[in-house]
Structure formats: structure tokens, C-alpha cells
Amino acid sequence: MTLSFGRNYLAIPGPSVSPERVLNAMHTSAPNIYEGGLVDMVADMIPDLKAVARTSGDVAIYIANGHGAWEGAAMNVLAPGDTALVLATGRFAALWGTICNRIGIETEVIDFGKTSGVDPARVEEALRADTERRIKAVLTVQTDTATGVLNDIAALRAAIDAAGHPALLMVDCIASLGCDTYEMDAWGADVTVAASQKGLMTPPGLGFVFLNDKAKAAQNERVSYYWDWRPRIDPEGFYQYFGGTAPTHHLLGLRAALDLIAEEGGIEAVWHRHDVLAHAAWAAFEAWGQGGPMKINIADPAERSRAVTALSLGADNGTRLRRWVEANGGLTLGIGLGMSAPGDPKGDGFFRLGHMGHINPHMMLGALGVIEAGLKALDIPHGAGALSAAAEVISKG
Ligand SMILES: *Cc1c(COP(=O)(O)O)cnc(C)c1O
């Protein structure tokens with residue numbers, strides 16, 4: 001017997017919950033792509049999109065998921081034979097490096113492990129050692145969605161500058177944009193990669209690459225036709241003349257999502273909501289961990305993302321818990337991605353809670369309540385007071 005009827009809650013780290021406003025905006029017949037409403041809307045939307053990344057630079061919009069935007073961003077500034085320094089803190093920056101390798105870009109990888117963030121001192125050291133200035137770009141994630149780590153982007157820029165190195169700083173904010181505080185211009189990122197389906201609350205299908213003048217000046221002239229960001233910086237011209245059909249309905253959905261962000265009070269209000277809800281989740285996880293095996297993967301709260309938390313629960317408890325809460329509680333949690341432990345090569349002891357985008361206190365407290373029910377049903381030992389600790393955090397706003 002299951003009680004799991006009603007609306008399911010997909011609490012994985014992307015795709016995230018799409019608001020009705022976004023879905024309804026997409027529920028329309030195809031608009032004219034040559035003139036009128038859609039064309040005007042896109043031109044008006046660009047400043048709002050750039051505001052989310054806190055940049056006065058440019059943005060190129062692709063019909064692609066994050067993997068596409070990764071490849072596009074890399075190809076515009078890196079040519080075959082160029083070298084990128086890849087900062088691995090889990091899974092995603094390393095994968096970006098692999099994508100680069102497939103298009104002939106060499107990579108030098110520094111692996112920071114799976115339980116902490118980038119150490120800027122090691123990056124500075126690697127850049128100082130690059131006396132021939134072979135490294136053209138430093139590739140990092142702000143949030144690694146597998147480990148839940150949050151990297152300090154301003155500190156990375158400081159490390160690059162301290163080494164006196166000209167490399168571009170390229171940041172994957174696919175999981176973190178619209179969740180974790182991010183200041184592209186103030187922190188000195190040259191390129192920011194994002195996608196529609198995480199903090200931006202729109203179904204998968206749009207990839208974004210934000211770029212500043214330094215990135216523009218590094219243009220690889222051998223970039224492929226589709227990925228060339230130059231025509232896409234002017235979306236009106238691009239979609240009408242150079243680049244194929246516009247992603248009409250996704251653009252309508254994104255417009256609605258950006259309206260929601262504005263109505264909430266702007267991106268700072270969105271960051272604050274994510275901060276409080278993440279702290280509520282961590283309070284619960286820590287309370288459960290007091291009396292059992294649950295452990296947040298990233299021990300230092302200063303290095304934790306506000307978009308996703310990865311956890312270990314021992315043995316095969318992560319998978320058991322995921323299955324229980326989905327079957328009995330209408331809650332879908334994320335798998336332990338790329339994680340493993342001695343005796344657990346497939347990572348069944350791990351799971352993730354996505355807390356990105358269109359979420360609020362009742363969704364968070366509901367998810368935590370169902371997890372507690374699962375821990376009880378499965379006899380997984382856990383400490384008391386978790387829900388109360390989470391409610392306490394939320395009560396203080
Ligand atoms: C989701 C994600 C990606 C991959 O995005 P896709 O849209 O699935 O291709 C890359 N990097 C990070 C940090 C992500 O969270």
C-alpha cells in the first residue's frame with residue numbers, strides 16, 4: 001500500500017521544477033519568428049538575462065543543453081592544440097575537459113578530490129609554472145552537482161592575477177546560476193556557461209554563454225558555424241538570418257521565469273531564498289547525522305552549494321531511501337553521481353537533494369519530512385530533531 005498519490009516532487013539537481021507560469025507561457029501556437037512579439041520580447045529579455053549573471057558583457061543563446069554550451073564556449077576561445085587548465089572538484093569540470101579533448105584541446109587537470117573545493121594556491125602555483133604561457137584558459141565549475149561543492153570564483157581570479165597569468169577564467173554555472181550568489185563582472189570571470197533547466201526553472205533546451213571583452217578578444221577564428229557566438233550576441237539578427245529557427249517556446253518560458261525572478265525582488269532575493277532553504281536542509285541532515293550514518297559530503301558549510309547537497313548514508317542506504325521516498329512519498333531524490341566508497345563501487349550509499357529554482361519552505365519541509373519517514377520505515381539510524389531544526393532556520397527567514 002502506498003500513500004503516494006497527488007503531485008510528485010522532483011527534487012533532483014536538474015531538471016528542476018518548472019513553475020506553472022513558465023509551462024503556461026509555453027502553451028501557445030507557434031509565433032512569428034521574423035517580426036513582432038517574439039522578436040521584440042527577446043531583445044527586451046537580454047538585459048534581464050544578463051542581470052541574473054551580473055554582467056554587462058554579452059550573452060549567446062544556443063538551442064542546446066549544458067553539454068552543448070560547454071562545447072560552444074570552449075570552441076570560441078580555444079583552438080585545437082591550445083591548452084586549458086581544468087580544476088576538477090567532482091565530476092563536471094572534468095567532463096568539460098573531456099569535451100575539450102574531443103575537439104583537440106589539450107588539458108592539464110588538477111584534481112581537488114570529491115569532498116572540498118578548489119585550492120586557489122595550487123592554481124596559482126600551476127600558472128606560475130606555466131612560464132611559456134601555454135595555458136589559454138582555466139576551466140572550473142562554481143557548483144559541482146555531483147559533490148555539492150561551491151568553488152570560490154573571486155579567489156580563483158585573485159590567484160590567476162597573483163600569478164600574472166593571462167589565462168581566461170571560464171566558469172560553469174549550469175547548476176548554480178539563479179541559486180548561488182554569483183557576480184560575473186565583479187569576480188572577474190571572462191566566460192560563464194549556463195543552461196535553462198536548473199536555477200532558471202525552464203525545461204532543458206537552452207544553453208547560455210556569457211562573455212566579456214577579454215573573451216571576445218580571444219576569438220578562435222576556426223570556431224564552427226553553429227557554435228560561433230558572434231552572430232548570437234545579436235539574437236534578433238541571428239535567429240532571423242544566420243542561425244536557424246529560434247527556440248520559440250523555450251524563449252517564452254524563459255521570459256516567464258525571468259518575470260518570476262523580478263517579481264520576487266530580483267536575483268538577490270532569489271539568492272537569499274536559496275540560502276535559507278539550503279541552511280534548513282543542512283540543519284536537518286546534521287541532526288539526523290548525530291544519531292546515525294548520514295553525512296553531508298562537503299563538511300565545510302562555506303564550501304557548500306545552495307543549489308544541491310550530496311550526502312552519504314552508508315551501505316546501500318542511499319538507493320534504498322531514494323526508492324522508498326519515491327514509491328511512498330511522491331518525492332524523487334537524485335542518485336549519488338560518480339560517488340563510491342570502499343565496498344560500494346556503484347555509490348548506492350549516496351544520494352542528492354536538489355534545492356534549486358522554484359522551491360519554497362513547504363516544499364523543502366515536505367521533502368525533509370518524507371525523508372524522515374523513509375529513514376524510519378527502513379530502520380536507518382538517525383538523530384532526532386531534524387525537522388524542528390529545519391523549521392527553526394526557516395522561521396528566522
Ligand atoms: C547539469 C550540469 C551540467 C550538464 O548540463 P546538461 O544540460 O545536462 O548538459 C554541467 N555542469 C553542471 C555543473 C551541471 O550541474
Side-chain angles (χ1 to χ4, degrees), residues 10-18 52-53 60-75 84 86-100 102-103 107 109 112 114 117-118 138-153 156 169-182 184 189 191-210 226-227 247 250 253-254 257 274 278 297-298 303-310 332-339 350-357 359:
L10 184 70
I12 67 173
S16 65
V17 172
S18 286
V52 170
I61 303 177
Y62 297 98
I63 306 177
N65 60 15
H67 279 64
W70 264 342
E71 184 166 321
M75 202 182 246
V86 175
L87 311 180
T89 51
R91 187 180 179 91
F92 287 87
L95 197 49
W96 195 4
T98 303
I99 284 173
C100 287
R102 294 282 281 271
I103 50 177
T107 51
V109 181
F112 295 91
K114 292 190 171 174
V118 161
V138 175
L139 269 47
T140 188
V141 292
Q142 184 187 23
T143 285
D144 188 293
T145 320
T147 58
V149 81
L150 177 73
N151 287 314
D152 184 342
I153 303 305
L156 268 177
L169 177 55
M170 301 178 67
V171 186
D172 167 347
C173 290
I174 296 170
S176 54
L177 195 73
C179 308
D180 288 300
T181 300
Y182 184 69
M184 175 166 171
V191 174
T192 300
V193 181
S196 52
Q197 79 273 22
K198 301 194 183 183
L200 293 179
M201 305 176 284
T202 304
L206 293 182
F208 309 106
V209 180
F210 302 87
Y226 185 80
W227 290 118
H250 277 74
L254 180 66
H274 281 83
N297 184 53
I298 303 297
E303 287 194 324
R304 285 182 197 155
S305 170
R306 271 66 168 173
V308 53
T309 301
T332 305
L333 297 170
I335 62 167
L337 192 64
M339 304 299 269
F350 297 83
F351 72 97
R352 292 172 299 159
L353 177 68
H355 31 92
M356 47 174 58
I359 58 163

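When a residue number appears, it is its place in the shown sequence, counting from 1. First listed ligand is number 1; within each ligand, the first listed atom is number 1.
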Numbering as shown, the atoms of ligand 1 that approach T145 to under 4.0 Å (heavy-atom distance): 12 (C), 13 (C), 14 (C), 15 (O)
Ligand-residue contact atoms, ligand 1 with K198, heavy atoms, under 4.0 Å: 1 (C), 2 (C), 3 (C), 14 (C), 15 (O)
Heteroatom proximity flag, H67 to ligand 1, N/O under 3.5 Å: yes
F208 side chain reached by L254 side chain, heavy atoms, under 4.5 Å: yes
Mutual orientation of the aromatic rings belonging to F92 and W70 [parallel < 30°, tilted 30-60°, perpendicular > 60°]: tilted
Ligand 1 contacted by Q142 (non-hydrogen, < 4.0 Å): no
Polar proximity ligand 1 side, D172 side, N/O cut 3.5 Å exclusive: yes
Contact summary for A310 and T147, nearest pair of heavy atoms: CB-O, 3.6 Å
T143, any N or O under 3.5 Å of ligand 1 N or O: no
Heavy-atom donor-acceptor pair, N151 side chain to G117 backbone, under 3.5 Å: no
Test of proximity, I174 against ligand 1: N or O pairs below 3.5 Å: no
Minimum heavy-atom distance S305-T143, with the two atoms named: OG-OG1, 3.0 Å
Close approach of W96 to ligand 1, heavy atoms, under 4.0 angstrom: no
Sub-4.0 Å atoms of ligand 1 with respect to non-hydrogen atoms of G66: 5 (O), 6 (P), 7 (O), 9 (O)
Heavy-atom pair of closest approach, residues S18 and M201: OG-O, 3.3 Å
Side-chain touch I153/L169, heavy atoms, less than 4.5 angstrom: yes
